[in-house]
Amino acid sequence: MLHKQLNAFPEDFLWGGSTSAYQLEGAWDEDGKGPSVIDLANHVEGVTDFKVASDHYHMYKEDVALMAEMGFKAYRFSIAWSRIYPQGDGAVNPKGLEFYSLLIDELLKYGIEPIVTMYHFDLPYALEERGGWSNRATIDAFEQYAKTLYENYGDRVKWWLTINEQNMLILHPGSIGTLNENMTDPQKELYQQNHHMLLAQAKAMVLCHQMLPDAKIGPAPNIGVIYPASSKPEDMLAADNYAAIRNWLYLDMAVYGRYNHIAWSYLVEKGYQPVIEEGDMEILGQGHPDFIAFNYYTSQTVGESKNDGNDYSHTGDQHEIVGEPGAYRGSVNPNLQTTEFGWEIDPVGFRTTLRQIYSRYHLPLIVTENGLGAFDKLEDDGTVNDEYRMDFFRKHIEQIQLALTDGVEVFGFCPWSAIDLVSTHQGSSKRYGFIYVDREEFDLKELRRVRKNSFYWYQKLIASRGEIR
Ligand code: BG6
């Protein structure tokens, strides 16, 4: 739809940036922090691990000052569960509690709204040893952890996110460490874990509303529009299957407390349906989000499954191998360009995604990740000329404004990432930030912070409330 006049971004729009604990903090075993599954996983060869990352644990004051200089209204970060509970449950680590308390105070000092993700991929390793998300006791551990966060930070934190990209944890478990190959039926087990995470999320939402009536809480999956590979009706049906399995399973449960019927029929067909204990559906029905946070990097394209052994294929994100015999086959979108890392760039798909989510759930939306990974270069004159990043954001922010004009309620944009950090699999050379961190994969140098050109660009954009792009 073409609009002659675009709605302005709301005055209180939460312009900001996003990060996660294990990708930014470093200090992986300091001050009593327990190891997480990420710390003990085999990391990809040839790239750095997460032990030091951007050393934000020691440099957070400088980092927050830079975010404030950019004009951030909000900062979305995650709390490392094993910094608070080194064993996942049991004894609390006071130094861990203190770190996030200081960080929150530092943000509030500059009027930056903290948006806290409770769990971003880094399950405490001690819990994993006891079965991780396969063990229902992890649901209780998460509830206890949530309670501790509300007790300690609820006086200052108004925005809470439960689990980052639960759908990616389930759909790409090998890459994030949730897949236990030793299990007899790993795929079925994953959907059991998924069920437990959904219960944990519902419980955390209920508890938040009980303990902090003024706070708001929501899920944070990765959502992207799914295109059919052609206008063939069978391809459209395949796209619908994938949308149900990738996107709506997670949001239908978070919002309505029920399994999406297409996703459920897929689980039954494959024999992956989880065991639902008595009382589970009541718990799931009690958790209601106040908003939906979602991460968007790209769209996906799929076609009809041919069931010929070749349904699995790379799609919009070269990282993702997509396909499901009998349901859909991965495909590429010939209309889109890709990033240096092979991820399809689709700003218009962003608008469609915003519209689709809002039409389904009618809840306010916040974008908690969106961004461009690139090999940025620090020039001899001290500049980082990341025009490609500005171009990427320009196009995506334009689509938010169009979606706003379409009537979608969007209240914030926190792109990935506020500052350079270590990518999930492609090391520290794959950079996303507005602030450059001067380190290499295996040479930490001084971890100096440098303002990229996009830093100044984003500063102007925020000051003009999204007008000057
Ligand atoms: C999201 C994750 O999936 O994508 C982040 O929530 C991640 O943790 C981001 O860093 C970008 O992916 P990558 O693989 O380029 O780091």
Side-chain angles (χ1 to χ4, degrees), residues 16-25 36-39 41 43-44 46-50 53-54 56 75-81 115-123 161-178 197 218-224 246-247 250 292-300 314-322 338-346 350 353 366-376 386 388-389 392-393 396 413-434 437 441:
S18 194
T19 63
S20 87
Y22 78 91
Q23 295 176 271
L24 185 69
E25 288 174 6
S36 74
V37 289
I38 304 280
D39 296 320
H43 79 276
V44 183
V47 297
T48 181
D49 57 27
F50 299 96
S54 298
H56 175 74
Y75 171 48
R76 180 248 184 173
F77 61 96
S78 78
I79 291 185
W81 185 344
I115 302 178
V116 172
T117 316
M118 296 157 77
Y119 164 45
H120 191 125
F121 301 163
D122 51 356
L123 186 74
L161 309 176
T162 52
I163 301 177
N164 179 69
E165 295 195 354
Q166 184 177 328
N167 53 344
M168 295 299 111
L169 280 167
I170 300 303
L171 290 163
H172 304 290
S175 57
I176 308 170
T178 30
M197 276 190 237
N222 178 314
I223 304 292
R246 185 192 193 277
N247 296 333
Y250 300 86
I292 292 172
F294 75 102
N295 301 345
Y296 175 86
Y297 287 89
T298 187
S299 52
Q300 303 280 339
H314 285 290
T315 56
D317 162 356
Q318 215 182 57
H319 215 54
E320 282 193 50
I321 294 182
V322 163
T338 56
T339 70
E340 279 184 283
F341 287 86
W343 295 27
E344 286 171 354
I345 303 174
D346 186 5
F350 189 26
T353 304
I366 178 167
V367 180
T368 38
E369 286 184 37
N370 170 240
L372 176 79
F375 292 109
D376 297 341
D386 55 345
Y388 38 86
R389 182 162 292 111
F392 178 95
F393 282 133
H396 283 79
F413 181 61
C414 291
W416 191 261
S417 50
I419 171 168
D420 282 351
L421 37 67
V422 182
S423 140
T424 48
H425 295 92
Q426 288 162 303
S428 60
S429 324
K430 185 184 194 184
R431 296 171 182 275
Y432 281 91
F434 297 107
V437 174
E441 292 295 342

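In each ligand, atom 1 is the first atom listed, and ligand 1 is the first ligand listed.
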Exercise. Which atom pair, heavy atoms only, marks the closest approach of R431 to D420?
Worked result: NH1-OD2, 2.6 Å
For this session: Looking only at distances, please establish whether an N/O atom of ligand 1 is found under 3.5 Å from an N/O atom of W343.
Result: no
For this session: Could you list the atoms of ligand 1 found under 4.0 angstrom from a heavy atom of Y432?
Result: 11 (C), 12 (O), 13 (P), 15 (O)
Exercise. Would you call E369 a ligand 1 contact, heavy-atom distance under 4.0 Å?
Worked result: yes
For this session: List the steps, then state whether side-chain hydrogen bond (donor to acceptor under 3.5 Å, both in side chains) holds for T19 with Y75.
Result: CA-CA 8 Å; T19 63; Y75 171 48; 2.6 Å; yes
Problem set entry | Under 3.5 Å: N/O of H120 near N/O of ligand 1 | yes
Exercise. How close do I170 and M197 get, heavy atom to heavy atom, and via which atoms?
Worked result: CD1-CE, 4.1 Å
For this session: Could you tell me whether ligand 1 has any atom less than 4.0 Å away from a heavy atom of F121?
Result: yes
Exercise. Would a distance-only check, ignoring hydrogens and angles, find a side-chain to backbone donor-acceptor pair under 3.5 Å from E441 to T48?
Worked result: yes
For this session: Mark up the atoms of ligand 1 that fall under 4.0 Å of a heavy atom belonging to N164, in ascending order.
Result: 6 (O)
Problem set entry | Per-atom contacts of ligand 1 with S423, taking only distances under 4.0 Å to non-hydrogen atoms | 13 (P), 14 (O), 15 (O), 16 (O)
For this session: Kindly write out the residues that satisfy side chain to side chain donor-acceptor pair (under 3.5 Å) with S417, not counting sequence neighbours, or none if the list is empty.
Result: none
Seminar exercise, completed: A student checking ligand 1 against Q23 at a 4.0 Å heavy-atom cut-off should list atoms 5 (C), 7 (C), 8 (O), 10 (O)
Exercise. Can S36 and D122 be counted as having a side-chain donor-acceptor contact under 3.5 angstrom?
Worked result: no
Exercise. Short N/O distance, under 3.5 Å, between S20 and ligand 1?
Worked result: no
Problem set entry | Centroid-centroid under 6.0 Å between F341 and Y297 rings | no
For this session: Report yes if some N/O of K430 lies less than 3.5 Å from some N/O of ligand 1; otherwise report no.
Result: yes
